[in-house]
A.B. asks: 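Sharing a structure, written as structure tokens. Questions coming.
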There are 2 protein chains.
Amino acid sequence: MGMATPRNYRLTSQRQTLLGLIRQQEGHLDAIELYRRAQELQPRISLSTVYRAMHFFKQLGLIEEHRFEQDHLHYEAKPKVEHCHLICLRCGRISEFQSPQTDKLKKEVEHEKNFKVASIQIHLQGYCDQCQGKQFFEVDNRE
Amino acid sequence: MGMATPRNYRLTSQRQTLLGLIRQQEGHLDAIELYRRAQELQPRISLSTVYRAMHFFKQLGLIEEHRFEQDHLHYEAKPKVEHCHLICLRCGRISEFQSPQTDKLKKEVEHEKNFKVASIQIHLQGYCDQCQGKQFFEVDNRE
DNA sequence: ATATCTGCAAATAATTTGCAGCACA
DNA sequence: TGTGCTGCAAATTATTTGCAGATAT
């Protein structure tokens, strides 16, 4: 809200730690997991710092934020090649998929709508190979 | 959590009202707005009922849930034709875009990964026609 | 030297849930 | 006649924020 945009940014040890963690990770992490891992390297780091750093990295275009089926965010380093996430509505597993359609879609949007795309999120929800046939009303698949 | 999946569903007046509202709406609505509109038709309806109905409709595949840049969900009737949402990071406006790539992508996923797609969400964040050139670090565009 | 960042604790706000009564089938 | 649904109030939980002290540049 009242938070003015700073004119200079600092590369603090916390930010280095967090960016390192998120970059060395294949795929995505949530705030709590990042916090746990960061604590092993910097015991006094706080959860707010994790959230603030994620917000900061996002503004810089270094990471992407995803909200899957759950109620909290996941973060991942911005990949070289765009990919889709396939989210299984039964087992909750999330896998990735790359397709040339993604890039075509982006170009279409840029040309036809004159919309400058900064990041893309493509989520396909459904039933994975192993979970097919069991899909109806499996509302509560936890525990 | 412990909520067992019911064997029979009931078409209550609340559910009729809510499904009616969401279907007559072009585009998406959030829980509060749905609640306001529903109250005009059924003054004693509660916000929990709205949330519970959305969860129910989602399980039935009648609606889609979207989390845009904000911290709360939006709901919309499942459309006949898939579309993408373009979200402007500066003005916050959300527009829609249809493309044949969407359907191709879906078919690819179904064939190559044997993943049964139930719903798709494609969000492109970036800068719209009017907001281009003003994009850098416009962190706080509210008020 | 000073603007920016951090940790801590407290606040915020969306969504979920327990429960007791109501109502559809 | 009983399972499923609702309203209400209270709980939960992710995320944000205020502030005072620390730190990068």
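To find a chain, count down the sequence lines: A is the first, B the second, and so on, and within it residues start at 1. Side chains included, hydrogens not; waters and symmetry mates left out as well; all remaining heavy atoms used.
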A.B. asks: Mind calculating the distance between CG (A:Asp71) and P (D:dT16) to the nearest angstrom?
C.D. replies: 14 Å
A.B. asks: If hydrophobic clusters are built by linking Ile, Leu, Val, Met, Phe, Trp and Tyr wherever their side-chain heavy atoms come under 4.5 Å apart, do B:Leu21 and B:Leu47 end up in the same one?
C.D. replies: yes
A.B. asks: Base of D:dG4, side chain of B:Arg15 - is there a donor-acceptor contact under 3.5 Å?
C.D. replies: no
A.B. asks: Taking any heavy-atom pair under 4.0 Å as a contact, classify B:Ile32: base, sugar-phosphate, or nothing.
C.D. replies: nothing
A.B. asks: Write down the distance between CG (A:Leu34) and P (D:dA14), rounded to a whole number of angstrom.
C.D. replies: 14 Å
A.B. asks: Given C:dC8, is OP1 or OP2 found less than 4.0 Å from the side-chain N or O atoms of A:Arg44?
C.D. replies: yes
A.B. asks: Is the phosphate of D:dT6 approached by B:Thr12 (side-chain N or O, under 4.0 Å from OP1 or OP2)?
C.D. replies: yes
A.B. asks: Just how far is it from atom CG of A:Leu60 to atom OH of A:Tyr9, taken to the nearest 0.5 Å?
C.D. replies: 6.5 Å
A.B. asks: Rounded to whole Å, how long is the line connecting atom CG of A:Leu73 with atom C1' of D:dT13?
C.D. replies: 13 Å
A.B. asks: For B:Asn8 and B:Ser46, take the nucleotide of DNA chain D holding the closest heavy atom to each; which residue's nucleotide lies nearer the 5' end?
C.D. replies: B:Asn8
A.B. asks: Roughly, in whole Å, what's the span from OH in A:Tyr9 to C1' in C:dA3?
C.D. replies: 13 Å
A.B. asks: Looking at B:Glu40 and B:Arg36, is any side-chain nitrogen of the basic one under 4.0 Å from a carboxylate oxygen of the acidic one?
C.D. replies: no
A.B. asks: Identify whether any heavy atom of A:Ser48 sits under 4.0 Å from a base atom; if not, whether one sits that close to sugar-phosphate; answer base, sugar-phosphate or nothing.
C.D. replies: base
A.B. asks: Rounded to the Å, how far apart are B:His72 NE2 and C:dT16 C1'?
C.D. replies: 17 Å
A.B. asks: What is the distance, to the nearest angstrom, from the CE atom on B:Met54 to the C1' atom on D:dT6?
C.D. replies: 14 Å
A.B. asks: Using OP1 and OP2 only, check whether a side-chain N or O of B:Tyr51 sits under 4.0 Å from C:dT15.
C.D. replies: yes
A.B. asks: Would you say A:Gln14 places a side-chain N or O within less than 4.0 Å of OP1 or OP2 belonging to D:dT23?
C.D. replies: no
A.B. asks: Following the transitive rule for hydrophobic clusters with a side-chain heavy-atom cut-off under 4.5 Å over Ile, Leu, Val, Met, Phe, Trp and Tyr, establish whether B:Ile87 and B:Phe97 coincide in one cluster.
C.D. replies: no
A.B. asks: Indicate yes or no: does B:Lys104 engage B:Glu108 in a salt bridge with an N to O separation below 4.0 Å.
C.D. replies: no
A.B. asks: Output yes when at least one side-chain N/O atom of A:Arg10 is less than 4.0 Å from OP1 or OP2 of C:dA3, else no.
C.D. replies: no
A.B. asks: Within this structure, what is the OH-to-P distance between A:Tyr35 and C:dC8, rounded to whole angstrom?
C.D. replies: 7 Å
A.B. asks: Could you state whether B:Ile122 and A:Phe115 fall into the same hydrophobic cluster, counting links through intermediate Ile, Leu, Val, Met, Phe, Trp or Tyr residues with side-chain heavy atoms under 4.5 angstrom apart?
C.D. replies: yes
A.B. asks: Please tell me which of A:Tyr75 and B:Ile45 maps to the more 5' nucleotide of DNA chain D, matching each residue to the nucleotide holding its nearest heavy atom.
C.D. replies: B:Ile45
A.B. asks: Counting the atoms with a prime plus P, OP1 and OP2 as sugar-phosphate, which does A:Leu11 contact under 4.0 Å by heavy atoms, base, sugar-phosphate, or nothing?
C.D. replies: sugar-phosphate
A.B. asks: Expressed as a whole number of angstroms, how long is the span from A:Asp30:CG to D:dT13:P?
C.D. replies: 14 Å
A.B. asks: Check the phosphate of D:dT15 against A:Arg67, side-chain N and O only, distance under 4.0 Å to OP1 or OP2. Yes or no?
C.D. replies: yes
A.B. asks: Donor-acceptor pair under 3.5 Å: do we get one between A:Arg52's side chain and the base of C:dG7?
C.D. replies: yes
